[in-house]
**Student:** 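Here it is, the structure, as structure tokens.
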Amino acid sequence: MSEGDAAVQERLVSGSEIARLAGVTRAAVSNWRRRYDDFPSPRGGGANSPLFALGEVQDWLKRQNKAQDISAEVRLWQVLRAAYGEDVAVGVADVARHLSGQEPTPDLPSDAARLSGELAGTESAGALVEGLVVRLADSVGRAGSDNVTSGRIVRAVRHFAGDVPVGATLYDPACGNGTLLLAVGPEAGAKRFGQERNPHSARLAQLRADLAGRTDVVVAAGDSLAADQWPELHADLVVCDPPVGITDWGRESLLLDPRWEFGTPPRAEGELAWLQHAYSHVAPGGRVLMVMPASVAYRKAGRRIRAEIVRRGLLTRIVALPAGSAATHAVPIHVWELERPRVPGDAPGGVQLVDLTGNSPDGPLEPTPHQVADVPLIELLDDAVDLTPGRHTAAAHRDFHAEYDSLRARLEQQLERLVSLLPPLAEGAGPGTLDTSTVGVAELARAGLVEYGEAEPVSVTDQLDTDYLRGFLRSPANVRHSTSASGTYRLDSRGARIPQLDIEVQRRYGKAFRELQEFEERLGAVAQLGREAVELARGGLGNGALSPPPALVD
């Protein structure tokens, strides 16, 4: 056994890799995990992307007669995983370099060089590298796949880009290994420029184009924000799936950069820096399609920049993609579309907001009418400038009148019931008359008559009524005892005292306390309904969906 084969035995593989190994779908592997108790247990990864020991999986496949002869491509991938570990993307780049014959690859294992050579003899070198890139995309959530745009995002961006004419210029300032840059637009005839800060990924992107014979692609290495390699480029279409959640994007050294025409991005809004960089490279009439985290649409820190983009009429569309569209998480993401006017001031008067979050991530991308809202700019320019599509599509298709009538009817019913819940109470013997003979709740607990539950004490004897107990625990004297100097209330039943009364009297008190508790809970529900009705009425009156009846107009 070679060193590469020995190392393979210790490697961990994902469910998608098991599917490739066995020649089945990923759904079949998931089904095996549910049906077979002896299927190998995960040895790493997370709940959504478990990893399994390769040797254990191979043994299980053999026992179940599900094993296939391991293909040379699978063996090549396993050798790369064994040799490069979490940096398997570097291994894929080394294979591409080796097959191109342009550069030496001293780190590429001899087994990998031999296998890639054999495979290149049966299929094109470009097809082999593309197959490895697909495997790289499948190994989600691990280092080495950070610069890989998921197939679902690629499909969405390509769909919303529409037809890109032959002869167009495309640009991706954070192109990773080139997947998005190479996928959007016509297969031939378009000029493509990319830049990627990871040199291995940048080299792989260029080699993918070279091995496929695409001479119209040029990819440079470097950080586009800090060292733009294409300062004079103005493209017809800019596509980008930028790095997210990075605060150290070089803000301090770029405070006076002319690219920030909508405002200097805060440290926490690096995505808005990438958006403005992309827009600075758009030719008149050109567009930007930028993949964004959903939070960019509403975070307070980016409000001024969002407002300026909206005010100028440059934002034409935001599409909220379904959860699961990204490779490494299930959080919904957006695609922002900006367009540079051909003539200054020639911009649309609204933004199309599309909410596909209720769809399957592999489902249709063409929205239904209820998933689209064409929102006037003035409606977006409020204090929050919240551009979340779902918020606006729901409002656009909301039946304000029917909803308001339903809320009023529910309020009337609740109010009628509320009055009957408030118990009638007779005059008592006078304040302080119940203070003369009391017992501590702690004493009752020590005697085994009271148990402390998760929320409140419970009586475990027929000589003490639970509702009576809990009602007196909320009496003003006990509440004062449970209130700290800072005004914080925390029930401390161990130090509380309750009157010593006959059980029949306790039950009368308990019934009254129980009715008061229900009244209080119902009152809270009525208050919430009231707040919803007021908010709905104000919104409907403000947008024209509701109007005062003629009889109420002076």
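Values reported hereafter were calculated over all heavy atoms of this structure, with side chains retained and with hydrogens, waters and symmetry mates removed.
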**Student:** In the structure I gave you, are the side-chain heavy atoms of Pro364 and Leu356 within less than 4.5 Å of one another anywhere?
**Tutor:**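 No, their side chains stay 4.5 Å or more apart.
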**Student:** What do the steps show when you test Glu271 against Arg299 for side-chain contact (heavy atoms from CB on, under 4.5 Å), and what is the final call?
**Tutor:** CA-CA 12 Å; Glu271 296 87 358; Arg299 282 192 303 230; 3.1 Å; yes
**Student:** Could you check Leu275, Val244, Val335, Ile318 and say which one makes a side chain to side chain contact (heavy atoms under 4.5 Å, CB included) with Met292?
**Tutor:** Leu275
**Student:** Calculate, to the nearest 0.5 Å, the distance between atoms CZ and OG1 belonging to Arg251 and Thr264 respectively.
**Tutor:** 6.0 Å
**Student:** Considering non-hydrogen atoms only, spot the tightest contact between Pro389 and Val354 and give its length.
**Tutor:**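 Residues Pro389 and Val354, closest heavy atoms: CB-O, 3.3 Å.
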**Student:** Decide yes or no on side-chain contact (heavy atoms from CB on, under 4.5 Å) for Arg97 and Leu207, but give the supporting numbers first.
**Tutor:** CA-CA 7 Å; Arg97 291 166 57 196; Leu207 288 168; 3.2 Å; yes
**Student:** Could you give me the CA-CA distance, side-chain angles and deciding distance for Arg75 and Gln78, then say whether side chain to side chain donor-acceptor pair (under 3.5 Å) is met?
**Tutor:** CA-CA 5 Å; Arg75 292 201 305 273; Gln78 292 172 350; over 6 Å; no
**Student:** Quick one, Tyr298 with Val385, criterion side-chain contact (heavy atoms from CB on, under 4.5 Å). Give me CA distance, side-chain angles, the key distance, then yes/no.
**Tutor:** CA-CA 7 Å; Tyr298 61 80; Val385 197; over 6 Å; no
**Student:** Please check this pair: side chain of Arg259 against backbone of Leu225, looking for a donor-acceptor N/O pair closer than 3.5 Å.
**Tutor:**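 Pair found, side chain donor or acceptor close to backbone of Leu225.
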**Student:** As an exercise, state the distance from CG of Asn177 to CG of Leu136, rounded to the nearest 0.5 Å.
**Tutor:** 6.5 Å
**Student:** Does Arg312 form a salt bridge (Lys or Arg N to Asp or Glu O under 4.0 Å) with Glu261? I'd like the steps, not just the answer.
**Tutor:** CA-CA 11 Å; Arg312 295 192 191 186; Glu261 60 176 293; 2.8 Å; yes
**Student:** Rounded to the nearest 0.5 Å, what separates atom CD in Glu73 from atom CG in Leu119?
**Tutor:** 6.5 Å
**Student:** Check Pro265 against Gln276 and note the closest heavy-atom contact, atom names and distance.
**Tutor:**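 It is CG-NE2, 3.6 Å.
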**Student:** I'd like to check the side-chain hydrogen bond (donor to acceptor under 3.5 Å, both in side chains) partners of Glu252; sequence neighbours left out, ordered by chain and number.
**Tutor:** Arg267
**Student:** Checking the side chain of Thr105 only, and the main-chain atoms of Leu108 only, is there a donor and an acceptor separated by less than 3.5 Å?
**Tutor:**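 Side chain of Thr105 to backbone of Leu108: no pair is present.
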**Student:** Looking at Thr149, Asp172, Asp241, which one forms a side chain to side chain contact (heavy atoms under 4.5 Å, CB included) with Leu181?
**Tutor:**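 Option passing the side chain to side chain contact (heavy atoms under 4.5 Å, CB included) with Leu181: Asp172.
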**Student:** Is a donor on one side and an acceptor on the other found under 3.5 Å between the side chain of Gln206 and the backbone of Gly178?
**Tutor:**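 Not at all, since once roles are kept as given, no pair shorter than 3.5 Å links the two residues.
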**Student:** Could you tell me which non-hydrogen atom of Ala113 sits nearest to which non-hydrogen atom of His98, and how far apart they are?
**Tutor:**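 Shortest heavy-atom contact: O-NE2, 3.7 Å.
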**Student:** Measure centre to centre between the rings of Trp249 and Trp274, then say whether the value is under 6.0 Å.
**Tutor:** no
**Student:** Is Ile378 atom CD1 crowded by more than 12 heavy atoms from other residues, nucleotides or ligands, each under 6.0 Å away?
**Tutor:** no
**Student:** Within the distance-only criterion (no hydrogens, no angle test), does the side chain of Gln195 pair as donor or acceptor with the backbone N or O of Gln229 below 3.5 angstrom?
**Tutor:** yes
**Student:** Which atoms form the tightest heavy-atom contact between Ala301 and Glu269, and what is the distance?
**Tutor:**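 Distance-wise, the nearest heavy atoms are CB-OE2, 3.8 Å.
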**Student:** Applying the side chain to side chain contact (heavy atoms under 4.5 Å, CB included) test to Leu170, which of Val164, Asp236, Asp216 qualifies?
**Tutor:** Val164
**Student:** Tell me whether Asp382 at atom CG has more than 12 heavy atoms from other residues, nucleotides or ligands lying less than 6.0 Å away.
**Tutor:** yes
**Student:** Would you check if Thr316 and Gln352 make a side-chain contact, meaning some heavy-atom pair closer than 4.5 Å?
**Tutor:** no
**Student:** Could you check Asp210 against Ser100 for side-chain contact (heavy atoms from CB on, under 4.5 Å), going step by step and ending with a plain yes or no?
**Tutor:** CA-CA 8 Å; Asp210 295 345; Ser100 71; over 6 Å; no
**Student:** Counting only heavy atoms not in Glu187, do more than 12 fall under 6.0 Å of its CD?
**Tutor:**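 No - once you tally the heavy atoms of other residues, nucleotides and ligands closer than 6.0 Å, there are 12 at most.
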**Student:** Between Tyr171 and Trp230 (side chain of the first, backbone of the second, donor and acceptor by atom type, cut-off under 3.5 Å), is there such a pair?
**Tutor:** no
**Student:** Please check this pair: side chain of Arg203 against backbone of Ala221, looking for a donor-acceptor N/O pair closer than 3.5 Å.
**Tutor:**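 Checking the backbone N and O of Ala221 against the side chain of Arg203, no donor-acceptor pair under 3.5 Å is found.
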**Student:** So does Ile153 get a backbone contact from the side chain of Ser150, meaning a donor-acceptor N/O pair under 3.5 Å?
**Tutor:** yes
**Student:** Side chains of Val291 and Cys240, heavy atoms from C-beta outward: is any pair under 4.5 Å?
**Tutor:**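 They are not in contact (no side-chain heavy atoms under 4.5 Å apart), so the answer is no.
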**Student:** Side-chain contact, heavy-atom cut-off 4.5 Å: Leu321 with Pro361?
**Tutor:** no
**Student:** Tell me the closest heavy-atom pair linking Ala156 and Leu365, and the distance in Å.
**Tutor:** CA-CD1, 3.7 Å
**Student:** Is a donor on one side and an acceptor on the other found under 3.5 Å between the side chain of Glu308 and the backbone of Phe262?
**Tutor:**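 Not confirmed, Glu308 side chain does not pair with Phe262 backbone.
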**Student:** Please check: side-chain N/O of Thr247 versus main-chain N/O of Ala268, any donor-acceptor pairing under 3.5 Å?
**Tutor:**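 Absent.
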**Student:** Hey, could you give me the CG/CZ distance between Leu180 and Arg192, rounded to the nearest 0.5 Å?
**Tutor:**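 Reported to 0.5 Å precision, the distance equals 10.0 Å.
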**Student:** Take atom CG of Leu256 as the centre, draw a 6.0 Å sphere, and report whether it contains more than 12 heavy atoms from other residues, nucleotides or ligands.
**Tutor:** no
**Student:** Once rounded to the nearest 0.5 Å, what's the spacing between atom CH2 of Trp60 and atom CZ of Phe52?
**Tutor:** 10.5 Å
**Student:** Under the rule for side-chain hydrogen bond (donor to acceptor under 3.5 Å, both in side chains), what residues qualify as partners of Thr357, not counting sequence neighbours?
**Tutor:**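 Per chain and number, Thr357 pairs via side-chain hydrogen bond (donor to acceptor under 3.5 Å, both in side chains) with Asp355.
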**Student:** Keeping Trp260 on the side-chain end and Leu254 on the backbone end, is there a donor-acceptor pair under 3.5 Å?
**Tutor:**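 Yes; judged by distance alone, with no hydrogens or angles, the pair exists.
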**Student:** Give, for atom CZ of Arg208 and atom CZ of Arg214, the distance between the pair rounded to the nearest 0.5 Å.
**Tutor:**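 CZ of Arg214 is found 9.0 Å from CZ of Arg208.
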**Student:** Can you give me the closest heavy-atom contact between Pro42 and Arg33, atom names plus distance?
**Tutor:**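 It is CG-NH2, 3.8 Å.
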**Student:** I want to check something: taking the side chain as every heavy atom from C-beta on, are Ile18 and Phe39 in contact at a cut-off of under 4.5 Å?
**Tutor:** yes
**Student:** Apply side chain to side chain donor-acceptor pair (under 3.5 Å) to residues His281 and Asp228 and explain how you reach the verdict.
**Tutor:** CA-CA 11 Å; His281 280 283; Asp228 188 357; 2.6 Å; yes
**Student:** I'd like to know whether Arg317 forms a salt bridge (Lys or Arg N to Asp or Glu O under 4.0 Å) with Glu339, so could you lay out the CA-CA distance, the side-chain angles of the two residues, the decisive distance to 0.1 Å, and finally the verdict.
**Tutor:** CA-CA 9 Å; Arg317 177 165 54 180; Glu339 183 172 342; over 6 Å; no
**Student:** Are side-chain N/O atoms of Tyr84 and Asp107 paired as donor and acceptor at under 3.5 Å?
**Tutor:** no
